[in-house]
Visitor: 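What follows is a single structure, and I will ask about it in a moment.
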Amino acid sequence: MIGFDIDGTLTTLEKTVEIFNRETGKILTMEDIKHYAIGLNYGISVEDELRIWKNHEKEMNKFSLPNERVVNHYKDLSKLQPLVIITAREESMREITLDWLKKHELVYSDIFFGDHDKTMALKKFGVHVFYDDNYSNVLSMNKLGGTGILINQPYNKE
C-alpha cells in the first residue's frame, strides 16, 4: 500500500502562511518558513500558534491549494493501485477534507485522521511507501522497513 499525507504534501502551505501573516502582522513567504512548527517562524508562543490553528483550521483546510507536482504523481499512482491518506488533521475536519479531496479528484481506498505520529496508521494500513513533508514520519516509515519519501519544503531542507 502507498500512503500520502495531506498538509504540506498534497497541499501547499501558502494559505496557512497567509493566515499566520494576517494574525501576527508579519509578512513571511514560504521560503521564510524554516521550522516545521510554524509558530517558531513567527516568534510566537506555542499557545498563540495553537490558538491561530484552532481559530482558522477550517479556512486553512478548505482553501489550501494543491501541490500540483505531488497531486499529479498521486493521480498517476492511483490509476495503478489503491492509495491511503494518513493525515494529522482532526476528525472534526473530515467533511472539509473529503470535500477538498473530491474537488481535486483525489481518489483513495481509506483515510486516517488525527495524529502527527503516523506510525500506528502506517502499520494498520500496511503502508510500504509513504509521502510526507515531516521528516520524523519519513524516518518512521524507514524504521518500519518501508520507504519514506520526503516532500521538499523550505522547513525540511536541513
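Just the heavy atoms: all of them, side chains too, but no hydrogens, waters or symmetry mates, feed the values below.
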Visitor: Asn61: what forms a side-chain hydrogen bond (donor to acceptor under 3.5 Å, both in side chains) with it, not counting sequence neighbours?
Guide: Arg89
Visitor: Given side chain to side chain donor-acceptor pair (under 3.5 Å), test Asp32 with Thr29 step by step and report yes or no.
Guide: CA-CA 5 Å; Asp32 297 320; Thr29 67; 3.2 Å; yes
Visitor: side-chain contact (heavy atoms from CB on, under 4.5 Å), that's the test. Do Asp7 and Thr16 meet it? Break it down for me.
Guide: CA-CA 10 Å; Asp7 298 307; Thr16 300; over 6 Å; no
Visitor: Measure across Ala121 and Ile86 and return the closest heavy-atom pair with its distance rounded to 0.1 Å.
Guide: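 It is CB-CG2, 3.7 Å.
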Visitor: Which heavy atom in Phe4 sits nearest to a heavy atom in His73, and how many Å separate them?
Guide: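 For Phe4 versus His73, the nearest heavy atoms are CZ-CD2, 4.3 Å.
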Visitor: What's the spacing between Met141 CE and Thr119 OG1 if we round to 0.5 Å?
Guide: 9.0 Å
Visitor: Apply the test side-chain contact (heavy atoms from CB on, under 4.5 Å) to residues Ile151 and Asp5: give CA-CA distance (whole Å), side-chain angles for both, the deciding distance (0.1 Å), then the verdict.
Guide: CA-CA 10 Å; Ile151 300 303; Asp5 170 50; over 6 Å; no
Visitor: What is the minimum heavy-atom distance between Leu28 and Ile33, and which atoms define it?
Guide: CD1-CD1, 4.1 Å
Visitor: Let me confirm one number: the CG-CZ distance from Asn152 to Arg69, rounded to the nearest 0.5 Å.
Guide: 6.5 Å
Visitor: May I ask you to check whether over 12 heavy atoms, not counting those of Lys15, lie within 6.0 Å of atom NZ?
Guide: yes
Visitor: With side-chain contact (heavy atoms from CB on, under 4.5 Å) as the test, would you mind laying out the steps for Leu10 and Tyr131 before giving the verdict?
Guide: CA-CA 9 Å; Leu10 290 172; Tyr131 294 79; over 6 Å; no
Visitor: State which residues pass side chain to side chain contact (heavy atoms under 4.5 Å, CB included) with Tyr108; sequence neighbours excluded, sorted by chain then number.
Guide: Tyr74, Ile85, Leu98, Leu101, Ile111
Visitor: Does NZ in Lys58 sit with more than 12 non-hydrogen atoms of other residues, nucleotides or ligands closer than 6.0 Å?
Guide: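 Not buried by this count: 12 neighbours or fewer within 6.0 Å.
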Visitor: Other residues, nucleotides and ligands only: do more than 12 of their heavy atoms fall within 6.0 Å of CG on Leu80?
Guide: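 For Leu80, atom CG is crowded (more than 12 foreign heavy atoms under 6.0 Å).
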Visitor: Quick check: do Trp100 and Pro66 have side-chain heavy atoms less than 4.5 Å from each other?
Guide: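 Answer yes - side chains close enough.
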Visitor: When clusters are formed by joining ILVMFWY residues with side-chain heavy atoms under 4.5 Å apart, either directly or through shared neighbours, do Ile38 and Tyr36 land in the same one?
Guide: yes
Visitor: Within the side chain of Lys34, is there an N or O that forms a donor-acceptor pair under 3.5 Å with the backbone of Glu31?
Guide: yes
Visitor: Report whether Ile2 and Val127 are members of the same hydrophobic cluster (ILVMFWY, side-chain heavy atoms less than 4.5 Å apart, transitive linking).
Guide: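 No.
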Visitor: Walk me through whether Thr9 and Asn67 qualify under side-chain contact (heavy atoms from CB on, under 4.5 Å).
Guide: CA-CA 7 Å; Thr9 301; Asn67 181 337; over 6 Å; no
Visitor: Between Lys62 and Asp99, is any pair of side-chain heavy atoms under 4.5 Å apart?
Guide: no
Visitor: Would Ile6 end up clustered with Phe113 when hydrophobic side chains under 4.5 Å apart are linked, directly or stepwise?
Guide: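 In one cluster: yes.
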Visitor: Rounded to the nearest 0.5 Å, how far apart are CD of Gln153 and CG of Asp132?
Guide: 10.5 Å
Visitor: Would you find a donor on one side and an acceptor on the other, under 3.5 Å apart, between the side chain of Lys26 and the backbone of Tyr42?
Guide: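 Between the backbone of Tyr42 and the side chain of Lys26 there is a qualifying donor-acceptor contact (under 3.5 Å).
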Visitor: At what distance, to the nearest 0.5 angstrom, does CZ of Phe130 lie from CG of Asn137?
Guide: 6.0 Å
Visitor: Quick check: is Ile96 connected to Met60 through a chain of hydrophobic side chains (ILVMFWY, heavy atoms under 4.5 Å apart)?
Guide: no
Visitor: Return the orientation label for the Phe20 and Trp53 ring planes: parallel under 30°, perpendicular over 60°, tilted otherwise.
Guide: perpendicular
Visitor: Which atom names give the shortest non-hydrogen contact between Asn156 and Asp133, and what distance separates them?
Guide: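 Smallest heavy-atom distance, with atoms named: ND2-O, 2.9 Å.
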Visitor: Return yes if some donor-acceptor pair links the side-chain N/O of Thr11 with the main-chain N/O of Gly8 below 3.5 Å, else return no.
Guide: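 Yes: the side chain of Thr11 pairs with the backbone of Gly8.
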Visitor: Decide whether Leu144 and Ile149 are clustered together by the hydrophobic rule: side chain heavy atoms of Ile, Leu, Val, Met, Phe, Trp, Tyr closer than 4.5 Å, transitively.
Guide: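 As far as the 4.5 Å side-chain criterion goes, Ile149 and Leu144 are not connected within one cluster.
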Visitor: First locate atom CE of Met30, then atom CG of Leu13, and finally report the distance between them rounded to the nearest 0.5 Å.
Guide: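 Here the interatomic distance stands at 5.0 Å.
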Visitor: With heavy-atom distances below 4.5 Å as the criterion, would you say the side chains of Asn72 and Glu68 are in contact?
Guide: yes
Visitor: Quick one: closest heavy-atom pair of Ile19 and Glu59, and the distance?
Guide: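 Reported closest heavy-atom pair: CD1-CD, 3.5 Å.
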Visitor: Any donor-acceptor pair under 3.5 Å linking the side chain of Asn41 with the backbone of His35?
Guide: yes
Visitor: What is the minimum heavy-atom distance between Ser64 and His104, and which atoms define it?
Guide: O-NE2, 4.5 Å
Visitor: Do any N or O atoms from the side chain of Glu57 and from the backbone of Met93 form a donor-acceptor pair under 3.5 angstrom?
Guide: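 Pair absent, no side-chain N/O of Glu57 close to backbone of Met93.
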Visitor: Is the shortest side-chain heavy-atom distance between Lys124 and Val84 below 4.5 Å?
Guide: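 They are not in contact (no side-chain heavy atoms under 4.5 Å apart), so the answer is no.
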Visitor: How long is the gap from CD1 on Ile44 to CD on Glu23, to the nearest 0.5 Å?
Guide: 9.0 Å
Visitor: Does Ser109 reach the main-chain N or O of Leu83 with its side chain, forming a donor-acceptor pair under 3.5 Å?
Guide: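 Indeed, once roles are kept as given, a pair shorter than 3.5 Å links the two residues.
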Visitor: Between Leu106 and Lys75, is any pair of side-chain heavy atoms under 4.5 Å apart?
Guide: yes
Visitor: Surrounding CD of Glu105 (heavy atoms of other residues, nucleotides or ligands, distance under 6.0 Å), is the total greater than 12?
Guide: no
